[in-house]
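Numbering starts at 1 and runs along the sequence shown.
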Amino acid sequence: MTTNLADFANRSTPLSRVEEHIFATHFDKPTLVIDTEIVARQYEALAAGLGHATIHYAVKANPAREIIATLVRAGSHFDAASRGEIELCLSQGATPDQVSFGNTIKKVSDIAWAFGAGIRLFAADAEEELEKIAENAPGSSVYIRLIVDASEADWPLSRKFGCARDKALSLLEMAVSLGLTPVGFSFHVGSQTRRASMWAPTLDQVAAVWQAAKEAGYELSLLNIGGGFPAFYGEAIDGPRVYAAEVMKLIEERFGHIPHIMAEPGRGMVAHAGAIAAEVILVSKKSEADIHRWVYLDIGRFSGLAETEGEAIRYQFATLRDHEPKGPCVLAGPSCDSADVLYEKRPVELPMGLKSGDKVVIRNCGAYTSTYSSVGFNGFPPLDVVVI
Ligand SMILES: Cc1ncc(COP(=O)(O)O)c(C=O)c1O
């Protein structure tokens with residue numbers, strides 16, 4: 001059996017720097033390896049495509065200090081979901097005017113703390129949230145998050161956040177009466193929206209509310225378009241610059257010129273910058289009649305791969321046996337929870353010779369992995385993070 005990197009010479013997708021690093025390094029436990037150069041490149045490409053829009057990196061996608069520091073150097077702004085994320089951004093050199101508090105569900109004490117730290121831009125989608133902001137962050141700017149219909153995104157966002165269109169204008173009015181400055185609206189098209197054209201129906205809905213607010217006399221200056229920028233998980237996507245430019249064109253067609261557009265890419269900023277070093281623990285068949293093997297990895301649903309829920313996000317894998325014949329397998333994690341099965345409805349093609357101890361690289365998974373990892377479910381350690 002050949003197990004050297006030369007086997008990758010003929011691969012259609014060449015190994016990235018992190019993937020090469022993983023194959024050349026021994027890891028005791030599942031480890032996410034991050035390349036901040038890729039983050040910087042993604043930022044430049046997205047910024048070029050987004051034109052006059054300001055990027056507020058969605059810190060929740062990956063809060064590694066080195067990523068935040070890289071983005072501060074690049075000139076990014078930040079969308080923070082919590083006090084912890086705000087503290088992180090400020091500790092890495094972001095100034096308060098570069099950080100927005102984008103969670104619509106905030107503790108009163110955190111709003112007061114954020115205001116004290118200089119944060120002046122907050123999201124809201126309910127009366128009580130506006131009251132909390134007015135009392136604890138008086139005079140701040142707020143944008144109202146709208147619920148939009150489910151899009152074609154691979155990881156759609158639910159009705160948990162946002163208000164329906166019939167409440168949007170009354171929330172603007174309430175913000176004014178509370179002494180706040182309502183600057184505009186926000187929405188999220190759904191994470192992993194593979195093609196820019198999929199934004200059109202959502203933008204139509206938001207544009208209708210925007211127009212109604214303008215007709216009612218509100219001087220809106222801000223449209224926060226959220227995230228949705230995709231990563232490559234096997235299905236073709238446009239590059240970040242082309243994709244972002246296409247989204248901006250769709251916005252311009254519907255809204256005309258908006259002075260301040262905020263974009264909050266998370267996945268599209270960091271997914272390509274990371275890969276996970278994992279290992280095969282067991283390959284087995286449940287019965288002689290089984291069509292598929294089961295391949296168990298040392299990482300699963302509870303140790304970073306939460307987005308395999310419903311098999312929504314389909315990660316790509318690389319092994320040192322990729323030149324050998326492949327066949328389908330059910331892929332599962334190591335824990336004693338039966339929900340810890342990654343792909344079963346649509347089995348994964350992996351080398352037939354794969355066996356216990358083999359290294360498996362999970363590609364393009366720099367987003368929503370390290371923070372979804374449990375602290376120690378079943379005694380397995382949380383996903384380690386290494387930056388190269
Ligand atoms: C308010 C907000 N903005 C931005 C994002 C980032 O989305 P994405 O990773 O699809 O870019 C999220 C993700 O949940 C979000 O909730």
Side-chain angles (χ1 to χ4, degrees), residues 50-56 58 79 81 100-106 120-134 140-153 155-191 193 195-229 244 246-265:
L50 285 167
H52 78 286
T54 309
I55 293 179
H56 285 235
D79 161 50
S100 47
F101 202 164
N103 195 339
T104 51
I105 306 158
K106 297 177 284 300
R120 295 291 180 270
L121 184 57
F122 296 82
D125 65 4
E127 290 84 351
E128 193 178 34
E129 193 69 16
L130 286 175
E131 285 165 1
K132 282 153 57 184
I133 297 170
S140 289
S141 295
V142 286
Y143 54 83
I144 305 298
R145 178 151 173 183
L146 302 172
I147 297 183
V148 288
D149 292 345
S151 66
E152 291 180 75
W155 191 256
L157 290 149
S158 70
R159 289 172 51 81
K160 179 173 173 187
F161 304 104
C163 67
R165 280 157 262 179
D166 60 355
K167 287 192 81 165
L169 268 54
S170 61
L171 289 180
L172 291 179
E173 189 183 328
M174 182 175 178
V176 173
S177 71
L178 289 170
L180 296 167
T181 308
V183 282
F185 293 114
S186 75
F187 65 94
H188 197 301
V189 69
S191 202
T193 296
R195 290 194 305 280
S197 58
M198 293 174 175
W199 285 63
T202 304
L203 290 171
D204 287 341
Q205 291 165 43
V206 177
V209 184
W210 183 270
Q211 191 55 35
K214 286 190 88 169
E215 281 164 17
Y218 293 99
E219 283 194 22
L220 304 181
S221 58
L222 171 77
L223 179 66
N224 178 346
I225 65 172
F229 301 83
E246 179 69 23
V247 169
M248 290 302 281
K249 187 165 158 269
L250 294 171
I251 293 171
E252 181 91 31
E253 283 165 8
R254 286 162 179 78
F255 294 81
H257 179 75
I258 298 176
H260 187 187
I261 297 179
M262 262 169 80
E264 301 177 332

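Salt bridge K160/D125: absent, no basic N to carboxylate O contact under 4.0 Å. Ionic pairing of R195 and E246 is not present here: no N-O contact between side-chain nitrogen and carboxylate oxygen is shorter than 4.0 angstrom.
Of all the heavy atoms in L180 and L130, the pair that sits closest is CD1-O, 3.7 Å. Between A196 and V247, the shortest heavy-atom distance links the atoms CB-CG2, 4.0 Å. Pairing each heavy atom of A175 with each of V142, the nearest pair is CB-CG2, 4.0 Å. The two residues A213 and F185 have their closest heavy-atom pair at CB-CE1, 3.9 Å. Between L220 and G184, the shortest heavy-atom distance links the atoms CD2-CA, 4.0 Å. Nearest heavy atom pair, residue I144 against residue C163, reads CG2-SG, 3.8 Å.
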Check: What do the steps show when you test L50 against F229 for side chain to side chain contact (heavy atoms under 4.5 Å, CB included), and what is the final call?
Finding: CA-CA 11 Å; L50 285 167; F229 301 83; 4.2 Å; yes

Notebook entry, point to check: Between L121 and V183, is a side chain to side chain contact (heavy atoms under 4.5 Å, CB included) present by the stated rule, with each step listed?
Noted result: CA-CA 9 Å; L121 184 57; V183 282; 4.2 Å; yes

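Interatomic distance, M198 CE to L203 CG, rounded to the nearest 0.5 Å: 13.5 Å. Summarising the geometry, atom CD1 belonging to I261 is positioned 4.0 Å from atom NE2 belonging to H52; distances are rounded to the nearest 0.5 Å. The line from OG1 of T181 to CD of E219 is 12.0 Å long, rounded to the nearest 0.5 Å. Distance CG/L171 to CG/D166: 9.5 Å, rounded to 0.5 Å.
Using a 4.5 Å cut-off on side-chain heavy atoms (C-beta onward), I225 and F187 make contact. The shortest distance between side-chain heavy atoms of K167 and E127 falls below 4.5 Å. Proximity of N224 to D79: side-chain heavy atoms (C-beta onward) are nowhere separated by under 4.5 Å. When side chains are defined from C-beta on, L222 counts as touching M262, because their heavy atoms get closer than 4.5 Å. The side-chain heavy atoms of E129 and I133, taken from C-beta on, include a pair separated by under 4.5 Å.
In terms of modelled atom types and a separation under 3.5 Å, the side chain of K106 and the main chain of A123 share a donor-acceptor contact. A distance-only check finds a donor-acceptor pair linking the side chain of N103 to the backbone of A81 [under 3.5 Å].
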Ignoring hydrogens and angles, write down the donor-acceptor pairs under 3.5 Å from the side chains of residues 249-260, residues two or more places apart or on other chains.
{"from": "R254", "atom 1": "NE", "to": "D204", "atom 2": "OD1", "distance (Å)": "2.5"}
{"from": "R254", "atom 1": "NH1", "to": "L250", "atom 2": "O", "distance (Å)": "2.9"}

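Within a 6.0 Å radius of CD in E152, other residues, nucleotides and ligands contribute 12 heavy atoms or fewer.
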